[in-house]
Peer 1: 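Right, I'll just put the structure down here and ask away after.
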Amino acid sequence: MAKGVKKIKVIKGNYYPKMSVPGQRVTIVPNQDVTFQVDEWLPGTTAEDKKKPVIWMRQTNDRKIIIYQAPSATGYTFRIDKQYCGSYQFYIEASFSGKRDAKNNTGLYVKGWCEPKIITSKWTTQRGSKNSIKNQNKTKFISYGHIVYLNLTTEGLNGNTLTVELWNQQTAKADKLIHVYNNVQVIDGEVNLKIENTYSWMAHVDNIQNVEEFYIKVKDSASKKYIKDNLGDELHGIYLNVKNKVITTNANVSKNQTPTKVYKPDVNSVRQEPCKFEVIKITESEVKDGKASNTTVKIFDNGKGIRKVQSAALQERIERTIYYKFDSTVIDKNGEAILNNVLKFLLEHKDSTMNLSGYACVIGKQNYNKGLSQRRADVVKKFFADGGLDPRRIISVGKGEIDPTDDKMGRDNIKYKNEKDYENNRRVDISFVFNAHDAQTVNYEVVAPTESTKKELTIDIAGFETNECFRDSKSKHKKQTLMVDVGQAIDAGDTKQTFATPSFRYKVYSNISRLNVAPIKYIWPSATNPNQFHMHVHSCRYFSNEKRTTVLIKAYPDIKWELALEFQVNVSNYKAANMPPGNIYAKHQEKARQAGYKRYRLNETGKVPISIGVGLSAEWDAGREKRSFTNEFSDKIEIVAKMIATAVNIVQNAINYAQSAAKETAIPVGFNVRYPKFTVVGKWYLERVNERANLSVIGEVGFGFKPLIGAEVVIDIIGAAIAVASYGATGNPAAARIINKFRGGLEKLGASVTFTATFYGELEMMVDALKIDSINGINMQGKTTIGGKMGATIELSISVEVGTVKGTKVKPIATFKAAAKADSYFGGDFVIDSDTTGLFIQPVLKFSGVVLSVEIEGEVGWWKSNFKVEEKVMKEETYYMDKKYLT
């Protein structure tokens, strides 16, 4: 039962259904890819057969010449330029063997359609000349009788038959039709008309001038319509100037010629040779977070994305020879196998021109052998032409005898010679040049430990076959991979290893050593000079240039750095407000005095007392080696000092605001606001992300202000109660009620009472694990925390004066402490934003007010009491501070 392709169809791309006939022909849209695939298989085709590649062949309209063929299991993609649109139809078919089916129409006729146009027009005196003699200045001429060539490039007219009308430009009357050229063929989108009857034009010109101007109009024979150019003009070839002079009276028939074409080797990067490899993968084994893992990167995938080298084409010369028996032009089986191999190669490599040189031995007459050598070359040319190769790509020459002679003494007489001595002289040499595949080296970056540890890579090369390499036996590609360890420079010390299997293991290392005395030079690992390992794997289809490295493995050090910084301002910020005079408040006054003096010195000198701690550490060689570098600095980093000075101003504003808010309440209060302490922890190292061949510089940054703003607010509750004359809006009824509970008995004892509430809070901002990828940018994988600690402590202290105790003036007889509810907070938001001026920071301070909630039980001698008070003693506040610009 027959097997193979029965029908093909279009599976992708745009075409015109109304201009197509299903199963027979299809008219496609130009300049767009259209993909063909097998539609039906012959009954004997198995499921396994259907998975195999088929040979796709694009042929001329008469199906005699294969323009291009290629094997593919996924279909054939074809595109028609507008120049090749028209009535001309290409024939596309597919088969397992690559042989065409002359009996059955298994393929499709394909043409393109677009609006017919004349794109360019020129007159020349030589065929294929680039110098046009048409002009409007009458500076170039021909004379009557000269041969002239008309060239037109077209769109939408390929294969059409045209009528070309020659017109004479007239001044005072209508232009005159001089001559009509019928049945002018458009071949490969061009008209090339050799006109030899210019002498006959002269008789049809009225009132002939010294120089006459001629132009043409072109009509499509099928539509009977004049064809326009891109500007919508019907006149073309303006103008051919003819001088009133006769050169010859000959008037031969004009001839339509095929376009002049120079056949050059194909420069495409994608090849279809059976000598090939398809995929290269590299797998790394490593340990991450204590777990073993494998990462596989496909660094080469059937030529996708590769670029050819921007230099002169790498040309390879292919030579083959077939031999004949004595006085024979018959191609034997060995010769037929060689020719079929060459034919397949040339059909897959467009535009390579082949040279055939026929030879004969000296036996026989020299003239006879000259003809015999030509016949041998012509037989090979016919073989290729019958196989579908364009005969215009083949140059066949009979070279005659090898060491020719016609010696009458008999040296060319078979009676005196053993004809076996001349077998190698009876031959046809086949040679052609094509552009080999010379692509740019593929780079693969890897993080690796030291030479003593190394990292093992697993390299897999899929689809590696070189048995059908088309090169000569001495230079055939081998199914092997050469690995060259060149370190950082190619020299005599290079280490080479050859691997015969398509899958093998190879160890790489970086240039950092285990006991490196100066790892600081690797502080930016991507900027170091990597070790290099050159991988040579070559085939005809990909990377045929054996002098060029296929894959360059760059091994960077696996060093990981960690930097910890801490900036702290060493200054106090205590202020007191509404404190009454007396010894009991002396500590508040002294603390405020000292803080004021430091601020005075700060403003006077313009310097901020800053403590900067730096910790730097590194680990490498797969974590086996670690080293740290720690230094302390003070007032040495000017830019950092300026940054923190900005923060100092922010905190000072907070203090001033808090003091002014307290004055409105008349409550005795002290403020201790702490300056920011900025901490940052940074890590950076090289890492592979998302199975890319190139490494990324990965940075992990954690930073924060701890605190951003820290504060303690100390309120003297008794002082708050006695600082006002009444329990009005500005007084403190809660504190007064507490005091009244104690006064009656305690005053009789001569006791002194201190009753304070300390409210504390710290606002922190911490950014955890901000991940920076040099390729993908910033990824907030961690979290940002803005918060802090809030709370309040109430302290009641009662002291009684005992005069009988020597050396003791005051003796505490009872102390009560009670924790208030966490209903109060001192904090806010830290806004980072930008406006037209630039990037800024704006703190927003918030104070919830103070809710005093106290339960006290106490017993001192004869006095015993318990009570509960819950009152708001300070109002809520929100304050938007000034923006501080960072840029």
Side-chain angles (χ1 to χ4, degrees), residues 29-31 80-88 111-142 146 148-195 197-198 201 204-209 211-243 254 256-257 259-260:
V29 177
N31 297 329
I80 293 183
D81 297 336
K82 289 185 177 182
Q83 180 178 343
Y84 294 96
C85 291
S87 61
Y88 187 89
K111 66 178 182 178
W113 183 89
C114 66
E115 183 182 354
K117 287 182 182 179
I118 304 293
I119 303 302
T120 66
S121 59
K122 66 180 179 181
W123 301 93
T124 63
T125 56
Q126 303 246 340
R127 183 186 178 190
S129 173
K130 296 181 180 180
N131 298 319
S132 176
I133 59 172
K134 73 171 187 177
N135 67 97
Q136 295 179 335
N137 299 324
K138 298 185 179 181
T139 57
K140 298 179 181 178
F141 310 94
I142 66 166
H146 270 140
V148 70
Y149 295 86
L150 173 65
N151 172 264
L152 306 175
T153 59
T154 70
E155 288 181 356
L157 293 169
N158 190 34
N160 290 26
T161 301
L162 306 179
T163 299
V164 177
E165 299 176 352
L166 179 74
W167 290 75
N168 178 221
Q169 172 80 8
Q170 297 290 310
T171 303
K173 57 182 180 178
D175 296 347
K176 184 177 181 180
L177 178 62
I178 300 298
H179 192 83
V180 177
Y181 299 92
N182 295 307
N183 299 319
V184 178
Q185 298 295 316
V186 182
I187 303 172
D188 290 344
E190 291 186 31
V191 168
N192 290 278
L193 188 62
K194 181 182 180 182
I195 298 174
N197 68 332
T198 58
W201 297 354
H204 301 282
V205 177
D206 296 337
N207 190 24
I208 195 164
Q209 302 295 310
V211 176
E212 292 290 340
E213 296 174 335
F214 296 87
Y215 63 86
I216 62 166
K217 297 172 72 173
V218 181
K219 185 181 292 183
D220 187 357
S221 300
S223 66
K224 307 298 182 184
K225 294 181 179 179
Y226 285 116
I227 303 166
K228 301 177 181 180
D229 60 16
N230 282 325
L231 300 177
D233 197 346
E234 295 178 351
L235 310 185
H236 313 290
I238 302 175
Y239 290 102
L240 174 64
N241 297 314
V242 183
K243 197 171 185 178
S254 298
N256 193 43
Q257 301 176 323
T260 301

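Computed from heavy atoms alone, side chains included, the values below leave out hydrogens, waters and symmetry copies. One is the number of the first residue; the rest follow in order along the sequence.
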Peer 1: For Q209, enumerate each residue passing the side chain to side chain contact (heavy atoms under 4.5 Å, CB included) test, keeping only those at least two apart in sequence or located in another chain.
Peer 2: N207, E212

Peer 1: Please name all residues satisfying side-chain hydrogen bond (donor to acceptor under 3.5 Å, both in side chains) with T120, sequence neighbours left out, ordered by chain then number.
Peer 2: T153

Peer 1: Do T163 side-chain atoms and N182 backbone N/O form a donor-acceptor pair below 3.5 Å?
Peer 2: no

Peer 1: Tell me, please, which residues at least two apart from Y181 pass side-chain hydrogen bond (donor to acceptor under 3.5 Å, both in side chains).
Peer 2: N197, W201

Peer 1: Taking the side chain as every heavy atom from C-beta outward, state whether N131 and T125 have any atom pair closer than 4.5 Å.
Peer 2: no

Peer 1: Partners of Y88 by ring-ring contact (aromatic ring centres under 6.0 Å, His included), sequence neighbours excluded?
Peer 2: F90

Peer 1: Can you tell if the side chain of D220 reaches within under 4.5 Å of the side chain of L162, non-hydrogen atoms only?
Peer 2: yes

Peer 1: Got a sec, which pairs hit salt bridge (charged side-chain N to carboxylate O under 4.0 Å, His left out) with one end in residues 148-158, sequence neighbours left out?
Peer 2: none

Peer 1: Among all residues two or more places apart in sequence or in another chain, which pass the side-chain hydrogen bond (donor to acceptor under 3.5 Å, both in side chains) test with N256?
Peer 2: none

Peer 1: Look only at the side chain of K122 and the backbone of S129, and say whether a donor-acceptor pair between them is shorter than 3.5 Å.
Peer 2: yes

Peer 1: Which residue pairs satisfy the salt bridge (charged side-chain N to carboxylate O under 4.0 Å, His left out) criterion with at least one member in residues 168-179, sequence neighbours excluded?
Peer 2: K173-D206, K176-D206

Peer 1: Please list, chain by chain and in numerical order, all residues satisfying side chain to side chain contact (heavy atoms under 4.5 Å, CB included) with H146, sequence neighbours excluded.
Peer 2: I142, S143, I247

Peer 1: Could you go through the side chain to side chain contact (heavy atoms under 4.5 Å, CB included) check for Y239 and V211 one step at a time?
Peer 2: CA-CA 11 Å; Y239 290 102; V211 176; over 6 Å; no

Peer 1: Could you check I195, L193, V242 and say which one makes a side chain to side chain contact (heavy atoms under 4.5 Å, CB included) with V148?
Peer 2: I195

Peer 1: Has K217 got more than 12 heavy atoms of other residues, nucleotides or ligands less than 6.0 Å from its NZ?
Peer 2: yes

Peer 1: Grab the two heavy atoms, one from G86 and one from K111, that are nearest each other, plus how far apart they are.
Peer 2: O-CD, 3.4 Å

Peer 1: Show the nearest heavy-atom pair for residues C85 and P30, with the distance to one decimal.
Peer 2: SG-CB, 3.6 Å

Peer 1: Looking only at atom types and distance, does a side-chain atom of H204 sit under 3.5 Å from a main-chain N or O of N168, one as donor and one as acceptor?
Peer 2: no

Peer 1: Which residues pass the side-chain hydrogen bond (donor to acceptor under 3.5 Å, both in side chains) test with E165, not counting sequence neighbours?
Peer 2: W167, Y226

Peer 1: With N183, which residues qualify under side chain to side chain contact (heavy atoms under 4.5 Å, CB included), at least two apart?
Peer 2: T161

Peer 1: Are the side chains of K140 and N241 in touch, meaning some heavy atoms are under 4.5 Å apart?
Peer 2: no

Peer 1: Tell me, do L157 and L152 make a side-chain contact under 4.5 Å, heavy atoms counted?
Peer 2: no

Peer 1: Looking at H236 and K228, what are the two nearest heavy atoms and their distance?
Peer 2: CE1-C, 3.9 Å

Peer 1: Using 0.5 Å steps for rounding, measure from the CD atom of E190 to the CD atom of Q257.
Peer 2: 12.0 Å

Peer 1: Could you tell me whether the side chain of N160 reaches within less than 4.5 Å of the side chain of S221, counting heavy atoms only?
Peer 2: no

Peer 1: Restricting to salt bridge (charged side-chain N to carboxylate O under 4.0 Å, His left out), what partner residues turn up for K224, sequence neighbours left out?
Peer 2: none

Peer 1: For residues F141 and K243, report the shortest heavy-atom separation together with the two atoms involved.
Peer 2: CB-CB, 4.4 Å

Peer 1: Could you grab the distance from atom CD1 of I133 to atom CH2 of W123, nearest 0.5 Å is fine?
Peer 2: 8.5 Å

Peer 1: With rounding to the nearest 0.5 angstrom, report the CG to CD distance, N192 to Q185.
Peer 2: 12.5 Å

Peer 1: Quick one: NE2 on H179 to OG1 on T198, what's the gap to the nearest 0.5 Å?
Peer 2: 11.0 Å

Peer 1: Using only atom types and a distance under 3.5 Å, with no angle test, would you say the side chain of N158 pairs donor to acceptor with the backbone of D188?
Peer 2: yes

Peer 1: Please list, chain by chain and in numerical order, all residues satisfying salt bridge (charged side-chain N to carboxylate O under 4.0 Å, His left out) with K225, sequence neighbours excluded.
Peer 2: none

Peer 1: Walk me through whether L150 and L240 qualify under side chain to side chain contact (heavy atoms under 4.5 Å, CB included).
Peer 2: CA-CA 10 Å; L150 173 65; L240 174 64; over 6 Å; no

Peer 1: For the CD1 atom of I118 and the CD1 atom of I227, what is their distance to the nearest 0.5 Å?
Peer 2: 5.0 Å

Peer 1: Please test N31 against D81 for side chain to side chain contact (heavy atoms under 4.5 Å, CB included), starting from the C-alpha separation and ending with a verdict.
Peer 2: CA-CA 5 Å; N31 297 329; D81 297 336; 3.5 Å; yes

